[in-house]
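Data first, discussion second: the structure below is written as C-alpha cells.
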Amino acid sequence: GPQPYQVFRVELLSGEYVGSVFTIDYGLRQIRPQGTRLEAGDRIMVTATASPDGEVQVYFADFVRTGAIGWWAAAFAVLIVVVSRGKGLRALAGMAVSLLLILGFILPQILAGADPVLIGIVGSFALLTATFYLIHGWTLKSHTAVVATLGALLITGALASLSVTSVRLTGYGSEEALFLTQLAGRELNVRGLLLAGILVGALGVLDDLTINQVSAVFELRRANPGLSLASLYRRAMVIGQDHIAATVNTLLLAYVGASLPLLLLFSVFQEPALAIVNREVIAEEIVRTLVGSLGLMAAVPLATVLASAVAANRHRLAAWLGPDTAEAEVV
C-alpha cells in the first residue's frame with residue numbers, strides 16, 4: 001500500500017566523502033514504519049557508492065542508536081549499583097568478563113575451525129567460574145554452585161547432542177547460519193554451532209538456578225543447624241520445585257517472544273500446526289526449550305544434594321575452602 005516518505009539533505013560526517021552534502025530519501029525505497037520521522041539535526045547511517053562514471057549515490061541505511069543505548073546502559077549500571085551496592089559492582093564486572101570470554105575466546109575459536117561443542121563447554125565453564133567467584137567470593141557456596149552447574153551443563157550438553165541427532169536438525173534453520181557459511185571463509189560445523197548455542201543459552205539460566213538453590217540450602221542450615229542431610233534436601237527441594245516451574249515457563253516465553261514475528265509469519269501462511277512444528281526453524285526453538293528445561297530439572301536436585309552434603313558436613317571440610325557465604329564472613 002501507499003506510505004509517506006521523506007526527501008532531505010544530509011552532510012556526511014565520516015568516511016571517504018566527509019563534508020559532502022547529498023539529497024536522499026527515507027521511505028521511498030524501503031519500508032517506513034509508522035511513527036518514525038526524521039528531523040533536522042538527526043544523525044543517521046548511510047551507504048555511499050560510486051558508479052563507474054564517478055557519480056556518488058548515497059542511500060539511507062539505518063538510524064544511529066549508540067547514544068540512546070549508552071544512556072540506557074548507564075541507567076542500568078546506576079540502578080544495579082544503587083540497589084545491590086557492592087554485589088552490583090561485582091555483577092557488572094561479571095558481565096564484562098562474560099562478554100570478554102564470549103568475544104575474545106568462544107567466537108574466535110569457533111571461527112578458527114575448533115569444535116563448537118568443546119569450545120562451548122570449556123568457554124561456559126570458564127565463564128561461570130569467573131563470574132561466580134567474582135560475584136560471590138571464595139566461599140563454599142561458590143564452590144558448590146560451580147560444581148553443580150558444571151554437572152548440569154554436561155548433562156545438558158549430552159541431552160542437546162541426543163536431541164539434535166534424533167530430531168535431525170542440521171543447524172541451517174536460520175538465515176544467519178547460511179550467511180555465516182558463505183562469509184566465514186572456511187568450513188564450519190554448523191550443527192555443532194547449534195549445540196554450542198544451546199549450551200551457552202542454557203548456562204544463563206543454570207547458573208541462576210544453581211546459586212539460588214545452593215543459597216537456599218545454606219540458609220536453611222543456618223536457620224536450623226540441627227537439620228540432617230535428608231531433611232535439608234527435602235525442604236530445599238520444595239523451593240527448587242517452585243523455581244523449576246517458574247523458570248521453565250520463563251524459558252518458553254523467552255524463546256516464543258524472540259520468535260514471535262516468525263510465528264506470526266507462519267500464521268499468515270495458515271499452515272497446519274504439525275507442518276509448522278516440523279519446520280527446522282521452529283523445531284530448533286522447541287528443542288532449545290525442551291533441552292534447557294531438562295537441564296534445569298537435572299540441575300535442581302543435583303545442586304540440592306551437593307549443597308546439602310556440604311552443609312551437613314561443614315565441620316569436616318578444610319578451612320582454606322572459605323566460609324559458607326561471603327555474608328557469613330562479614331558478620
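With hydrophobic clusters built from ILVMFWY side chains whose heavy atoms lie under 4.5 angstrom apart, L199 shares a cluster with L180. The hydrophobic cluster containing L107 also contains L127, counting ILVMFWY residues as joined when their side-chain heavy atoms lie under 4.5 angstrom apart, directly or transitively. L253 and L296 fall into different hydrophobic clusters, where Ile, Leu, Val, Met, Phe, Trp and Tyr residues are linked whenever their side-chain heavy atoms come under 4.5 Å apart, directly or through other members. A single hydrophobic cluster is seen to contain both L294 and V305, as judged by linkage of ILVMFWY side chains at heavy-atom distances under 4.5 Å, directly or through other members. By the rule that hydrophobic residues join a cluster once side-chain heavy atoms approach within less than 4.5 Å of another member, W72 and V82 end up as members of separate clusters.
Here the side chain of S84 pairs no donor or acceptor atom with the backbone of K87 at under 3.5 angstrom. In this structure, D42 contributes its side chain and E39 its backbone to a donor-acceptor pair below 3.5 Å. Counting only distance, with no hydrogens or angles, the side chain of S231 and the backbone of L227 share no donor-acceptor pair below 3.5 Å. Judged by distance alone, with hydrogens and angles left aside, the side-chain atoms of T144 form a donor-acceptor pair with the main-chain N or O of L140 at under 3.5 Å. A donor-acceptor contact shorter than 3.5 Å links the side chain of T36 to the backbone of P33. In this structure, R32 contributes its side chain and G27 its backbone to no donor-acceptor pair below 3.5 Å. Between the side chain of Q3 and the backbone N or O of Q30 there is at least one donor-acceptor pair closer than 3.5 Å.
Taking both residues in full, the closest heavy atoms of A148 and L302 are given as O-CD2, 3.6 Å, listed atom of the first, atom of the second, then distance. Summarising the geometry of T156 relative to A202, their closest heavy-atom pair is CG2-CB, 4.0 Å, with the distance given to 0.1 Å. In this structure, G94 and L134 approach most closely via the heavy-atom pair N-CD2, 3.4 Å. Taking all atoms of both residues into account, the shortest heavy-atom contact from T210 to A299 is CG2-CB, 4.1 Å. Minimum interatomic distance between G240 and V300 (heavy atoms only, all atoms of both residues): CA-CG1, 3.7 Å. Closest of all the heavy-atom pairs between A236 and T304 is CB-CG2, 3.7 Å.
A tilted orientation is assigned to the rings of F60 and Y26, their planes being inclined by 30° to 60°.
Applying the ring-ring contact (aromatic ring centres under 6.0 Å, His included) test between H143 and each of Y133, F218, F132 identifies Y133 as the sole match. When V205, N212, L206 are each tested for a side-chain contact (heavy atoms from CB on, under 4.5 Å) with D208, only one passes: N212. Screening V122, L100, I110 for a side-chain contact (heavy atoms from CB on, under 4.5 Å) with F105, the sole residue that qualifies is V122.
With rounding to the nearest 0.5 angstrom, the CG atom of L118 is 11.5 Å from the CG atom of N189. From L232, atom CG reaches atom CE of M237 across 13.0 Å, with rounding to the nearest 0.5 Å. Considering CG of L12 and OH of Y17, their distance stands at 9.5 Å, rounded to 0.5 Å. Within the model, atoms CD1 of I80 and CG of L89 stand 9.0 Å from one another, a figure rounded to the nearest 0.5 Å. Summarising the geometry, atom CG belonging to D25 is positioned 10.0 Å from atom CD belonging to Q6; distances are rounded to the nearest 0.5 Å. Rounding to the nearest 0.5 Å gives a distance of 9.5 Å between CG of L153 and CZ of F125.
Other residues, nucleotides and ligands contribute over 12 non-hydrogen atoms within 6.0 Å of the CZ atom of F63. For L13, the CG atom sits in a packed shell: over 12 heavy atoms of surrounding residues, nucleotides or ligands are nearer than 6.0 Å. For R235, the CZ atom sits in a loose shell: 12 or fewer heavy atoms of surrounding residues, nucleotides or ligands are nearer than 6.0 Å.
Under 4.0 Å is where a charged nitrogen must lie from a carboxylate oxygen, and between R221 and E219 no such pair does.
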Checking side-chain contact (heavy atoms from CB on, under 4.5 Å) for the pair R191/L169: CA distance, chi angles, key distance, verdict?
CA-CA 7 Å; R191 176 179 281 188; L169 297 177; 5.6 Å; no
Evaluate the criterion side-chain contact (heavy atoms from CB on, under 4.5 Å) for residue pair I24 and I44; output intermediate values, then yes/no.
CA-CA 12 Å; I24 66 174; I44 60 173; 4.0 Å; yes
Could you please spell out the steps behind the side-chain hydrogen bond (donor to acceptor under 3.5 Å, both in side chains) verdict for S20 and E11?
CA-CA 6 Å; S20 301; E11 179 184 352; over 6 Å; no
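Annotation: side chain of V78 is not in contact with side chain of F76 (no heavy-atom distance under 4.5 Å). With contacts defined as side-chain heavy-atom distances shorter than 4.5 Å, the pair Y233/S228 does not qualify.
For the residue pair S163/S166, the side-chain donor-acceptor check at 3.5 Å is not satisfied. No hydrogens or angles considered: nothing links the side chains of Q57 and S51 as a donor-acceptor pair under 3.5 Å.
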